[in-house]
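All remarks here apply to the structure that follows.
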Amino acid sequence: MNCAEIRLLLHGYADNELDAARSLELESHLKTCPACADQIKSLRALKSALGQNALRHSAPASFRNELRRSIRPPTQEAGAGLLQSLRFWKSLAFGATAAAVLILFARPPGPSSADRFIDGAIAGHVRSLMPGHLTDVASSDQHTVKPWFNGKLDFAPDVKDFAPQGFVLVGGRLDYLDGRTVAALVYRRNQHPINVFVWPAAKERSSTLHMEQRRGYTVINRETGGLHYCLVSDLNEKELTELADLLGR
Amino acid sequence: VSDTEQQAHFERLVMPHLDAAWNLARWLAGNDHDAADIAQEACMRAFRFVGSCRASEGRSWLLAIVRNTAWSWLKKNRSQRLVSIDDDDFTEIEDQSSAPSSFSGADTEVLRAALNALPVEFREALVLREIEGLSYKEIAEVADLPVGTVMSRLARARRQLQDAVKRKEKV
């Protein structure tokens with residue numbers, strides 16, 4: 001080997017990546033070649049200069065905290081539990097016949113599966129607002145967004161743009177909610193992003209609309225046309241209900 | 001996989017390597033603000049796909065995600081500043097046979113500036129090797145390179161870095 005080849009191998013040698021035979025060969029060369037011996041000295045000096053702690057950036061606490069917040073466990077049980085418990089509270093409050101009535105249900109003591117579900121939906125919404133995370137397919141064209149879900153889900157969500165009604169379709173993505181993969185449709189009302197999580201409903205029959213306010217977010221659940229829609233936004237109840245009604249049509 | 005399991009996986013496999021993830025994102029982006037965007041997006045991606053991470057490979061798995069996220073970001077936001085480099089051992093051997101460069105030490109700030117000024121492929125290789133201490137095999141996985149190319153890329157990166165340090169010290 002000539003010195004030029006040796007000098008490339010010196011890097012592997014300094015990095016402890018050469019096999020034993022090569023290393024021996026190199027060491028014997030270094031004993032007889034002062035120029036190459038100088039090179040390995042420089043190389044080691046450079047490595048130790050780069051290895052100093054001052055050059056390593058540590059994750060700022062703000063980044064760590066933000067990350068922990070956004071992945072906080074949306075622990076919840078099966079979605080069926082949600083509607084059962086919603087129906088239970090609804091029947092307690094109004095009786096089962098009150099169709100198309102908005103209800104704000106009182107919370108039972110301790111976290112119920114419905115509680116955890118709603119927390120999970122809010123966590124999913126908050127997660128989606130992190131940079132670059134809102135959409136996997138960004139388009140206001142329903143004919144682009146709808147086919148994007150093909151083959152990614154075991155159902156076909158209905159995707160419509162409601163721009164004339166003031167709800168602009170922004171795009172869609174896959175998300176994970178309540179133990180299953182769901183379609184997430186993203187709309188925007190003025191500056192408010194809205195996530196609409198969609199998955200097949202437990203029952204074919206349409207249900208009334210359930211609304212809940214929590215931590216500044218509005219969450220609406222409704223089952224219609226065989227699909228469950230869960231809307232989450234910081235938008236007010238009235239306007240979010242408008243979108244829920246549009247989706248149900 | 002339930003959400004709690006997903007969370008537990010993430011805590012165990014990814015959280016211990018958050019500094020490494022940040023360090024790589026920070027060196028590739030060049031400032032805290034862009035590094036935060038890249039690192040956050042990468043970590044959310046890691047969270048979603050943590051089920052596909054093998055226990056023994058948490059660090060290089062995460063670093064590969066950070067690296068890919070950073071490159072997409074760079075291509076989108078700084079494409080005019082990206083230059084492509086050739087990976088070619090012969091170029092490298094020629095490089096090394098030209099006048100030998102020497103290095104005996106440098107001021108931390110000079111070193112930092114010189115490293116920041118390198119083409120991003122070289123900077124990435126040096127950060128992974130010298131600051132994160134990855135093996136050639138791990139660098140190959142993270143940077144999506146053939147293992148055989150890692151050594152020559154490091155050699156060229158070090159050569160350029162030494163030259164850059166020298167230039168900065170002269171100024």
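Chain letters run A, B, ... following the sequence lines, proteins first, then strands; residues in each count from 1. As the structure is a computational prediction, the values presented were derived from the model and not from experiment.
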Rounded to the nearest 0.5 Å, how far apart are CD1 of B:Ile139 and CD of A:Glu17?
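Those atoms lie 7.5 Å apart.
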
Measuring from atom CZ of B:Arg48 to atom CG of A:Leu174, what distance do you get when rounded to the nearest 0.5 angstrom?
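So the CZ of B:Arg48 and the CG of A:Leu174 are separated by 7.0 Å.
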
Quick one: what part of [X] sits under 4.5 Å from any heavy atom of chain A, side chain, backbone, both or neither?
X	result
B:Ala8	neither
B:Ala25	neither
B:Leu115	side chain
B:Thr69	neither

When [options] are compared by non-hydrogen pairs under 4.5 Å with chain A, the top option:
options	answer
B:Gln40, B:Met15, B:Gln162	B:Gln40
B:Glu132, B:Met44, B:Arg45	B:Met44
B:Asp37, B:Leu111, B:Leu161	B:Leu111

Within a radius of less than 6.0 Å around [atom1] of [X], do more than 12 heavy atoms belonging to other residues, nucleotides or ligands occur?
X	atom1	answer
A:Asn53	CG	no
A:Arg215	CZ	yes
A:Arg22	CZ	no
B:Asn77	CG	yes
A:Lys152	NZ	yes

Chain B heavy atoms under 4.5 Å from A:Leu9: which part of the residue, side chain, backbone, both or neither?
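Both parts, heavy atoms under 4.5 Å.
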
Below 4.5 Å from any heavy atom of chain B, which atoms of A:Asp15 appear? Answer side chain, backbone, both or neither.
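Answer is both: backbone and side chain atoms of A:Asp15 are under 4.5 Å from chain B.
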
Between B:Arg129, B:Arg153, B:Arg158, which is the residue that forms a side chain to side chain donor-acceptor pair (under 3.5 Å) with A:His11?
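By the side chain to side chain donor-acceptor pair (under 3.5 Å) criterion, A:His11 pairs with just one of B:Arg129, B:Arg153, B:Arg158: B:Arg158.
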
Closest approach of [X] to [Y] (non-hydrogen atoms, all atoms of both residues):
X	Y	result
A:Leu55	B:Asn23	O-OD1, 3.9 Å
B:Ser152	A:Leu8	CA-CD1, 3.8 Å
A:Ser42	B:Phe103	OG-N, 2.9 Å
A:Pro60	B:Trp22	CD-CE2, 3.3 Å
B:Cys43	A:Phe63	SG-CZ, 4.0 Å

B:Thr108 side chain to A:Gln52 side chain, donor-acceptor N/O pair below 3.5 angstrom
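B:Thr108 vs A:Gln52: donor-acceptor pair found between side chains.
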
Top contributor to chain B interface from [options] [non-hydrogen pairs under 4.5 Å]:
options	result
A:Ser58, A:Ser70, A:Ala49	A:Ser58
A:Gly51, A:Gly12, A:Ser62	A:Gly12
A:Glu66, A:Arg56, A:Arg68	A:Arg56

Any side-chain heavy atom of B:Arg159 within less than 4.5 Å of one from A:Leu46?
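Contact flag for B:Arg159/A:Leu46 side chains = no.
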
Is the shortest heavy-atom distance from the side chain of B:Phe47 to the side chain of A:Leu67 under 4.5 Å?
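No - every pair of side-chain heavy atoms lies 4.5 Å or more apart.
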
